[in-house]
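We're numbering straight along the sequence, starting at 1. Computed from heavy atoms alone, side chains included, the values below leave out hydrogens, waters and symmetry copies. This one's a predicted model, so the numbers in the text were calculated from it and none came from an experiment.
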Amino acid sequence: MDFRTVTHTTNEQDHMEPPQMRQKQLSCLQGESEERDKGSTIESFVTNFSNIYESELLPARNGEEFTEHFLHEVVDILLSYIKKTYDGKSKVLDFHHPHQLLEGLEGFNVELSDQPQPLEQILVDCRDTLKYGVKTGHPRYFNQLSSGLDIIGLAGEWLTATANTNMFTFEIAPVFIVMEEILLKKMHEIIGWGECKADGVFSPGGSISNLYSVLVARYKRFPEIKTKGMAALPDIALFVSEHSHYSVKKAAAVLGIGIDNVVTVKCDARGKMIPSELERTILKVKRQGKVPLYVSATAGTTVYGAFDPLDNIADICEKYNLWMHVDAAWGGGLLLSRRHSFKLSGIERAHSITWNPHKLMGVPLQCSAFLVREKGLLQACNQLCAEYLFQPDKQYDRAYDTGDKTIQCGRHVDVFKFWLMWKAKGTQGFEILINRFLELAEYLYKELKTSKNYELVFDAEPELTNVCFWYIPPSLRQIPKGPEREKRLHQIAPKIKARMIEEGTAMVGYQPHGNNVNFFRMVFSNPATKKSDIDFLLEEIERLGKDL
């Protein structure tokens, strides 16, 4: 049935009588019981949702059949979308400007109504929400570090939503709490913390995980912060690289440390923090009367995909008694690859780590782990012992009531989809997947290196899956490098991206960085992507940009 063909205005008379309508529909179903016994199903009898409302579904009395059929329709919508997502011939997106979405499109209206809408309209809204969104699992979606659509992970997310529970106590999430402990222990072992009693928590994204690192580092050095606040502390300083993620500065703003007290350390041309510059900057800050507290090293920078020299940074942190955090939100997945894990050598010396399985490992959003080497710090830092949740006289081991070591109260179940994927793939499956992403990056790098139409931002084989490059249209190829060429080149990537989005053929990110004008940044974390998709993208960039 094509739900687009129905009128989407609510008839007030119909709306006022949903119980009668439900009885009519149920009578129809009961009257057809003999045919149903011959092999027909509920789908044969209920196909019109124009007079059925949410109030007819469970937990309404006798709502089982309507609920079953409605959810079957929803699953059909989802399956159709999944098939289109993996179809390389389909669009990555059907782009519309914000004002067009607000004005409404062919029966799809995002405005809210005072009166209930029939389930037919709800199904239309479900389908159109997907239709006008971005297919992040499409093989030619390269826009963000997290992409792809893992079917097992998707099943895990559906189950999680159905369970609809909270991660703060064992009594309401017993299986999920145990799964979180198992996953954290596995990640600790992979990092190299297997011999120590480490800890951790899954948080709402890498930015919050990085915030946890600053929070715990400050509490470790100055436990009085919990009761007396920043007024009791000296001026403290945090150190990050020029290529670090902005979330550390945001954490400093949120925690009252201040962005001005986040000190930037110079990087080399490849985007790696320079250890000698870190030590020089620490000494400079000490001479200014501030207290160096924390260093955030990066294992897989957002733009260049660079890995800071972790062992050298660890030496400096030990020398000056600083907390060492490693932001491995993007690059942490390489720990599962025997071929590439050496790039994170020294990570086991960190005091804390951020690792986002929803990036390189392909777990559906969101799934971010904050890992800390010292057991008990998270609990001591955040514990407030709310009596209505964390009663001391429970019948089970209260150590499994993990909610009091977080800064949240309610916490979404992010672990099940990850656990289920690990069961389905095994550690070896993740390794194969990650190695393949690196192979795709190497393929793109070699294609760009031999093409006269492109220039690499830096001529070095990719360490992660990031590949950064400029497209040089014919109009710029004879212009010598200089301010005029740079000015014109700066406009090329945004114009190509705009055309690409309008046509919906692919999505790839761009940005300036430091002294480099706008360039494309390709990243690979989508299991659907093949070499042919890379070839298509390069041809598409040339097609859309050759007249610029």
Side-chain angles (χ1 to χ4, degrees), residues 134 136 143-150 153-154 156-170 172-173 176-177 179-184 187 199-219 244-257 296 298-300 302 325-333 352-372 377-379 381-384 386 389 401-422 525:
V134 177
T136 59
N143 213 67
Q144 312 300 145
L145 302 183
S146 53
S147 65
L149 180 62
D150 186 275
L154 177 64
E157 192 67 72
W158 288 353
L159 187 145
T160 298
T162 303
N164 192 33
T165 192
N166 206 315
M167 286 291 285
F168 42 48
T169 62
F170 177 82
I172 64 166
F176 297 137
I177 291 284
M179 286 176 175
E180 182 175 51
E181 179 180 305
I182 293 294
L183 283 167
L184 290 170
M187 297 171 87
D199 202 355
V201 68
F202 281 82
S203 81
S207 292
I208 302 299
S209 291
N210 284 341
L211 185 147
Y212 270 115
S213 71
V214 179
L215 185 71
V216 172
R218 184 177 63 177
Y219 178 82
S244 65
H245 194 263
Y246 70 93
S247 57
V248 176
K249 289 184 178 180
K250 184 169 284 191
V254 170
L255 296 174
I257 295 170
S296 178
T298 309
T302 304
H325 176 67
V326 176
D327 180 358
W330 177 215
S352 60
I353 297 166
T354 292
W355 180 354
N356 286 5
H358 70 228
K359 290 182 176 170
L360 202 59
M361 296 176 73
V363 179
L365 286 162
Q366 62 192 14
C367 188
S368 175
F370 170 68
L371 310 164
V372 59
L377 264 182
L378 269 171
Q379 190 84 7
C381 180
N382 297 310
Q383 186 176 47
L384 286 176
L389 280 177
D401 283 355
T402 58
D404 220 12
K405 67 181 181 181
T406 73
I407 56 177
Q408 303 166 250
C409 179
R411 189 161 61 98
H412 185 261
V413 177
D414 294 328
V415 299
F416 180 69
K417 56 198 171 189
F418 186 23
W419 179 89
L420 201 64
M421 285 177 64
W422 209 312
S525 59

ring-ring contact (aromatic ring centres under 6.0 Å, His included) filter on F202, not counting sequence neighbours, yields none
In terms of the angle between their ring planes, are F418 and W422 parallel, tilted or perpendicular, with boundaries placed at 30° and 60°?
tilted
Sorted by chain and number, sequence neighbours left out, salt bridge (charged side-chain N to carboxylate O under 4.0 Å, His left out) with D404 holds for none
Can you name the closest pair of heavy atoms from P364 and M421 and give their distance?
CD-SD, 3.8 Å
Salt bridge (Lys or Arg N to Asp or Glu O under 4.0 Å) pairs, two or more places apart, involving residues 203-216
none
Looking at side-chain heavy atoms only, is the closest gap between Y246 and T302 below 4.5 Å?
no
Would you say the side chain of T136 lies within less than 4.5 Å of the side chain of L365, judging by non-hydrogen atoms?
no
Identify the heavy atoms of A329 and K359 that sit nearest to each other, and give their distance.
O-CD, 3.6 Å
Let me see the working for S244 and T298 under side chain to side chain donor-acceptor pair (under 3.5 Å), right down to the final yes or no.
CA-CA 6 Å; S244 65; T298 309; 5.4 Å; no
Ignoring hydrogens, what is the shortest heavy-atom contact between C367 and V363? Give both atom names and the distance.
CB-CG1, 3.8 Å
Which residues share a ring-ring contact (aromatic ring centres under 6.0 Å, His included) with F168, sequence neighbours left out
none
Given side chains that start at C-beta, do those of P357 and M187 come closer than 4.5 Å, heavy atoms only?
yes
Hey, does the side chain of K417 reach the backbone of L159 with a donor-acceptor pair shorter than 3.5 angstrom?
no
If you round to the nearest 0.5 Å, how far is CG of D414 from CE of M179?
13.5 Å
Donor-acceptor pairs under 3.5 Å, side chain of residues 247-254 to any protein atom, not counting sequence neighbours: which ones?
| from | atom 1 | to | atom 2 | distance (Å) |
| --- | --- | --- | --- | --- |
| S247 | OG | N210 | ND2 | 2.9 |
| S247 | OG | H245 | ND1 | 2.9 |

Do the side chains of D401 and L389 get nearer than 4.5 Å, heavy atoms only?
no
Sidechain-backbone polar pair: K405 side chain, G200 backbone, donor-acceptor under 3.5 Å
yes
Keeping D150 on the side-chain end and G153 on the backbone end, is there a donor-acceptor pair under 3.5 Å?
yes
Could you tell me whether a side-chain N or O of R411 sits under 3.5 Å from a main-chain N or O of T406, the two making a donor and an acceptor?
no
Going from CD on E157 to OG1 on T162, what distance comes out if it is rounded to the nearest 0.5 angstrom?
10.0 Å
How long is the gap from CZ on F176 to CE on M167, to the nearest 0.5 Å?
8.0 Å
L184 and V415: side-chain contact (heavy atoms from CB on, under 4.5 Å), yes or no, with the steps?
CA-CA 10 Å; L184 290 170; V415 299; over 6 Å; no
Please confirm whether the backbone N or O of L378 pairs with a side-chain atom of Y219, one donor and one acceptor, at under 3.5 Å?
no
Side chains of L215 and L255 in contact at under 4.5 Å (non-hydrogen atoms)
yes
Residues L145, N356; criterion side-chain contact (heavy atoms from CB on, under 4.5 Å); working and verdict:
CA-CA 10 Å; L145 302 183; N356 286 5; over 6 Å; no
Measure the CD1-OG1 distance between I177 and T169 for me, rounded to the nearest 0.5 Å.
7.0 Å
Give a yes or no answer on whether the side chain of H325 reaches the backbone of S352 with a donor-acceptor pair at less than 3.5 Å.
yes
Interatomic distance, CH2@W330 vs OG@S146, rounded to 0.5 Å, equals 8.5 Å
Interatomic spacing from CG in L183 to CH2 in W419 - rounded to 0.5 Å:
9.0 Å
Sub-4.5 Å side-chain heavy-atom contact between I257 and R218
yes
Side-chain heavy atoms of E180 within contact of V413, under 4.5 Å
no
Can you name the side-chain contact (heavy atoms from CB on, under 4.5 Å) partners of S209, sequence neighbours left out?
S203, T354, S368, F370
